Structures are given as structure tokens and as C-alpha cells.
Amino acid sequence: MNDYDSELVRSLLKREGFAFTEDRERADVILLNTCAIRENAHNRVYSHLADLKLLKKQRSLVVGILGCMAQNLKEELTWQQPLVDVLAGPDSYRQLPMLITDAIRSQEEGLDRKGLAVDLSEYETYADVVPDRSDGVNAWIAVMRGCDNFCSFCVVPYTRGRERSRDPEGIVREAQQIADQGFKQITLLGQNVNSYRHGSWDFARLLAAVANVPGIERVRFTSPHPKDFPPSLLEVVAWHPRVCKHIHLPMQSGSDRILSLMNRSYTNREYRALVDRIRTLRPDIALTTDIIAGFCSESDAEFAETYKLTEEIRFHNAFVFKYSERKHTIAARKFPDDILESVKGERVTRLVDLQRRISHEHNRLFIGDTVTVLVEGSSKRSDSQFTGKTDGHITVVWDKSLLPCRPGDLVGVPVRDASPSTLFAHTRPEGREILS
Ligand code: SAM
Ligand code: SF4
């Protein structure tokens, strides 16, 4: 969502004549687009600010904080961080050109005026702003913004405000333009994407309509909530040929008491039943999840329930997070953050180790098969290799000499080796070690 918001901001600023540079030394304005979801994202911003403080001592510079931290920490960021000139929350990006221009003028006049725009809106969806997309293969479309679920650990309802959905005709038109520009994949975005509703349109209808746009080869969506999976949505995922066979299904915990404290609105049994429904409909749909370890008052026995459910469901992948108390949330106000950091760390490690083993077992089943991959570009590790994703969102890496192709192509890649996170078209020395 932050990548997408940065594309919106680039578009809004370019319209007003601002130009972008990759070279920090040449920038007159530096904007940090921030996330407030967990402590580590938050800490990274403070470490960037410490760097910028030095730069700002040497020359004139406007520093802006955008996104969820601007919304949540406005007092702290304006008074304790005097180097911040502009703050704009997720619903205030339209005001950025004016705020930045004013901050530049204020510096020229030797003044220190701050520009603040942090009001949340019930209507803002940026439906008329065409994001400045640079990827070329995947295009994000935010179909809804905000969230009304108030999971007790989560800051999103406070930083991104109430749930609101974009009109479906505008979304389908945008999908058509994206296809005409040559993008091959669309990822529909929303904090709670499958609660999308606009008039008689629900998420199942929207997903099918976007997937029917000629030229688009793959459609994904993130992040859904397990409570919003009617049969019609499962049918579209299972049977539409261009909707990827992958569902990210955040579980958070396997304990009913913890799920209830988290305000997740499902039980262990209901979550399991949803997984069964998905797998009965189509066993090859890849399931991934999010899990929080060490939520307030989580006992060893309750953690063991999460461990057991993870082991039984055998997700393809899982993102495991240490519970991190967030300002303003229900949990921060009502429940003490009473699990020792060392215990949280140990629980995360146990779940990560378990999941790595399961992911490796899933991935090894592909060895000897040929998988269909959407080519993304050069791999991060080596310019002589390509990388791309399978339909089930597994990363694949192969030598460019083996299979010449271009980003955006759909190609068949023979799998010769596998790690917990990646499939390879060649055998790696370390891969053989793991396999033996
Ligand atoms: N809307 C999605 C859902 O319903 O699960 C979640 C989106 S949230 C932006 C992404 C993930 O961050 C969550 O699924 C959760 O596991 C994790 N997360 C959110 N708040 C957290 C917190 N306070 N501490 C640790 N992890 C957190
Ligand atoms: Fe946060 Fe997701 Fe819960 Fe909304 S549904 S409050 S985004 S965890």
C-alpha cells in the first residue's frame, strides 16, 4: 500500500512541476513515506531522520514525513523533530504541492513555518489520480482505503481512517488503461480488500471484472480478512483462469481466547473450516498467512495452539511478527504488553523454523516439474539471472542463458532445486547439501 501511495504522491507532485531524482545530494526536498504498523518500520524512519539532520546542517533542505506515522505521531514529529518541515497523512496527499512550496518559501524567508495536513477523510480514494507507475509488469490498484475492523493490535483504523470503496467502473477503466500500457499483472489492494462494496458490487464481482480485462494475464489481491470469503469469491479465485491460485489468509493466532482479545471475529475452528472449504474446492490454491507471536497475556499453551494450527494447515509461507504495541490501539489502552521480549523472540524463532521446514517440503515437490512464471526482471543477487513468480507466488530464479525472455513474459521454467523460499532452474551446491 505504501508503494502504491508513493506512486500517487509522485503523480500529484509531477502534475505541479516537481521533478524526481535518485540522487539524494541533488534533492531540494526529501519525503519519507512511512508505515506505523510495527516498531521496526517506525525505528527505520527515526534512523533516516538522524541522517537527514546532518545533511540539513550543511544546506537548505525541506524534509517531509508522509503516511501513517505522520498521522499517528504528529505532535512527536513536529515538536521533538524540529527538522521535519512537512507532515501529510494518507488522506492529505493532494495538499502536498502547496505544503512543500510554502516550506521552501518559508526557508527562503529565514522562517520556520511547519506544514501540517493530517485530517482523515471519509471520502478520499484518489480515484481520479493516475499513479506514476514504474514497475512495468505489476500494477497496483487500491480499490478501497481504510478499515473498520478495529483488530485490537492494529493501528490502521487510526492512521488510515474509515473504510471506503472506489467506484467499480473507474477501477475497470483503469485496469483497461494499465493493460493498454503493457502491464501483465494487476494486484488489487485494500487494508481489508475483500470487504470491498460499492452499490451492488462486492469484491467477487470486481475481481472477476478486472480479470476479464483483455491483456491482463494475472490478477492478485491483498490483504483479505478471513471473515469476508463468501462462496462467490472462492468460486472466482478457484475457477477464473486469470485469477492467481493464491490466497493470503492472515490467521494471527490459533488460540480462541487470543483471537477474541484481538477482536478477529473468527475462532480456530472457523478458520480451519475456511481452509478446508478452499482446499476442497481446489487443493492447489497456495495459502500463505500472517501470525503474531507474544500478544498480550499469550500463555505457553496458547502459543502451542498457534504452533499446532500452523503445523496442521501447512501454509506455503507465513510472515511471523513479534507483537509490537502501537499507540492509540485498543490493546495499548486495555491490555498490558506483558510477554517478555525474549519469550516473544523465542516464539517467533520456533514458528519461523517450523514454517521454513514446511515451505521447503512444499517447494521440493516442484523439483522435476516445469512451472509457469511471470518474468519480473534481473534477480537481486545476480545480473546474469532472471527472477519471477509462479501463480502461487513462489519466487523462481534461472540463468538468463538458459531461457532468454523479457520482463512481462510468461515462460515455463524447469525446476531443478528448491530452498524454503525459492525454486531454481539449476542445482546449487548449498541446495544439494540441504537435499542430501
Ligand atoms: N488486513 C490484514 C488482516 O486482516 O489481517 C492485515 C494487514 S496488516 C497491515 C499486516 C500484518 O501486520 C497483520 O496481518 C499482522 O500480522 C501484522 N501486524 C499488525 N499490527 C501488528 C502489531 N501491532 N504487532 C505485530 N504485528 C502486527
Ligand atoms: Fe488492521 Fe487488518 Fe484488522 Fe483492519 S482487518 S484492523 S487492517 S489487522
Side-chain angles (χ1 to χ4, degrees), residues 1-5 33-43 67-69 71-73 90 120 140 142-165 187-196 203 220-229 247-255 258-266 270-271 274 287-298 303 306 309-310 315 317-339 341 343-345 347-348 351-352 355:
M1 187 59 102
N2 266 26
D3 279 346
Y4 177 80
D5 276 7
N33 192 4
T34 63
C35 169
I37 201 91
R38 286 177 295 275
E39 187 70 22
N40 53 355
H42 182 273
N43 291 344
C68 290
M69 275 178 73
Q71 195 68 45
N72 215 31
L73 300 172
L120 287 174
W140 312 102
V143 299
M144 54 87 70
R145 292 178 77 89
C147 183
D148 288 348
N149 286 329
F150 289 92
C151 300
S152 65
F153 53 81
C154 183
V155 79
V156 166
Y158 307 90
T159 58
R160 288 188 170 261
R162 300 286 56 78
E163 219 167 273
R164 61 222 107 112
S165 295
T187 305
L188 302 180
L189 285 179
Q191 263 73 33
N192 183 187
V193 71
N194 51 340
S195 76
Y196 174 90
F203 187 64
R220 300 186 182 279
F221 58 93
T222 194
S223 236
H225 191 296
K227 75 178 169 52
D228 293 317
F229 271 101
I247 299 180
H248 185 66
L249 199 60
M251 170 177 106
Q252 315 300 2
S253 169
S255 147
I258 295 294
L259 285 169
S260 159
L261 284 185
M262 287 177 164
N263 197 23
R264 285 296 286 180
S265 71
Y266 53 85
E270 285 161 350
Y271 185 89
L274 175 58
L287 293 178
T288 56
T289 198
D290 292 342
I291 304 172
I292 297 179
F295 185 66
C296 315
S297 75
E298 182 188 70
F303 171 72
T306 302
L309 190 56
T310 311
F315 297 102
N317 200 359
F319 299 94
V320 184
F321 306 110
K322 258 191 208 176
Y323 170 62
S324 159
E325 186 177 88
R326 306 284 72 207
K327 223 175 177 174
H328 304 311
T329 56
I330 299 168
R333 285 180 276 132
K334 286 175 62 175
F335 315 130
D337 179 13
D338 54 1
I339 305 299
E341 276 303 298
V343 174
K344 286 183 188 175
R347 290 179 184 172
V348 167
L351 282 172
V352 168
Q355 186 56 49

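Everything quoted here is computed from the prediction, not taken from an experiment. Just so you know, ligand 1 is whichever comes first in the structure, and atom 1 is the first atom listed for that ligand. If you read the sequence from its start, that first residue is 1, and numbering goes on from there.
Ligand 1 places these atoms under 4.0 Å from at least one heavy atom of Gln191: 1 (N), 2 (C). Close approach to Cys154 involves these atoms of ligand 2, each under 4.0 Å from a residue heavy atom: 1 (Fe), 6 (S), 7 (S), 8 (S). Every atom of ligand 2 is numbered from 1 in the order shown, and the set under 4.0 Å from a heavy atom of Phe153 is 8 (S). When each atom of ligand 1 is checked for a heavy atom of Arg326 under 4.0 Å away, the hits are 23 (N). Which parts of ligand 2 touch His225 is read off a 4.0 Å heavy-atom cut-off, strictly below it: atoms 5 (S). Close approach to Lys322 involves these atoms of ligand 1, each under 4.0 Å from a residue heavy atom: 24 (N), 25 (C). If you number the atoms of ligand 2 from 1 as listed, the ones under 4.0 Å from a heavy atom of Pro157 come out as 6 (S). For ligand 1 and His225, the ligand atoms under 4.0 Å from any heavy atom of the residue are 4 (O). The contact set between ligand 2 and Cys147, taken as ligand atoms under 4.0 Å from a residue heavy atom, comprises 4 (Fe), 5 (S), 6 (S), 7 (S).
In terms of protein heavy atoms, atom 8 (S) of ligand 1 is closest to Ile37 CD1, 3.9 Å. The shortest contact between atom 18 (N) of ligand 1 and any protein heavy atom is with Arg38 NH1, 3.6 Å. Nearest protein neighbour of atom 2 (Fe) of ligand 2, counting heavy atoms only, is Gln191 O, 4.0 Å. In terms of protein heavy-atom proximity, atom 11 (C) of ligand 1 is closest to Asp290 OD2, 3.4 Å. Among protein heavy atoms, the minimum distance from atom 20 (N) of ligand 1 is reached at Phe153 CD1, 3.3 Å. Distance from atom 5 (S) of ligand 2 to its nearest protein heavy atom, with residue and atom name: Asn149 ND2, 3.3 Å.
For the pair Gln252/Phe153, a side-chain contact is recorded, criterion being any heavy-atom separation below 4.5 Å from C-beta on. Using a 4.5 Å cut-off on side-chain heavy atoms (C-beta onward), Arg347 and Val343 make contact. In this structure, the side chains of Ser195 and Met144 come closer than 4.5 Å at one or more pairs of heavy atoms. Contact annotation: the side chain of Cys68 approaches that of Arg160 to within less than 4.5 Å [non-hydrogen atoms, C-beta and beyond]. Side-chain contact check for Tyr271 versus Leu249: some heavy-atom pair is nearer than 4.5 Å. Tyr158 is not listed as a side-chain neighbour of Lys327, based on a closest heavy-atom distance of 4.5 Å or more.
Note that the CG atom of Asn72 and the NE2 atom of His328 stand 4.5 Å from one another [nearest 0.5 Å]. To the nearest 0.5 Å, the span separating CZ on Phe203 from CG on Leu188 amounts to 5.0 Å.
By heavy-atom distance, the residue among Ser265, Cys147, Ser324 lying nearest atom 22 (C) of ligand 1 is Ser324.
The residues Glu39 and Lys322 are annotated as not salt-bridged, no charged nitrogen and carboxylate oxygen being separated by less than 4.0 angstrom. Salt-bridge check for Glu163 with Arg145: failed, with every basic side-chain N at 4.0 Å or more from each acidic carboxylate O.
Contacts between Ser223 and ligand 2 below 4.0 angstrom, taking non-hydrogen atoms only, are absent altogether. Contacts of Phe150 with ligand 2, taken as heavy-atom pairs under 4.0 Å, involve the backbone alone.
Between His248 and Phe319, the ring-plane angle classifies as perpendicular under the 30° and 60° cut-offs. Between Phe295 and Tyr323, the two ring planes are perpendicular [angle over 60°; tilted spans 30° to 60°].
Heavy atoms of Asn192 stay at 4.0 angstrom or farther from ligand 1. Contact annotation: Arg264 has at least one heavy atom less than 4.0 Å from an atom of ligand 2. Look at Arg264 and you'll find a heavy atom under 4.0 Å from some atom of ligand 1.
Between Gln252 and ligand 1, at least one N/O pair is under 3.5 Å apart.
With 2.8 Å as the limit, Cys151 counts as an N, O or S neighbour of atom 3 (Fe) of ligand 2.
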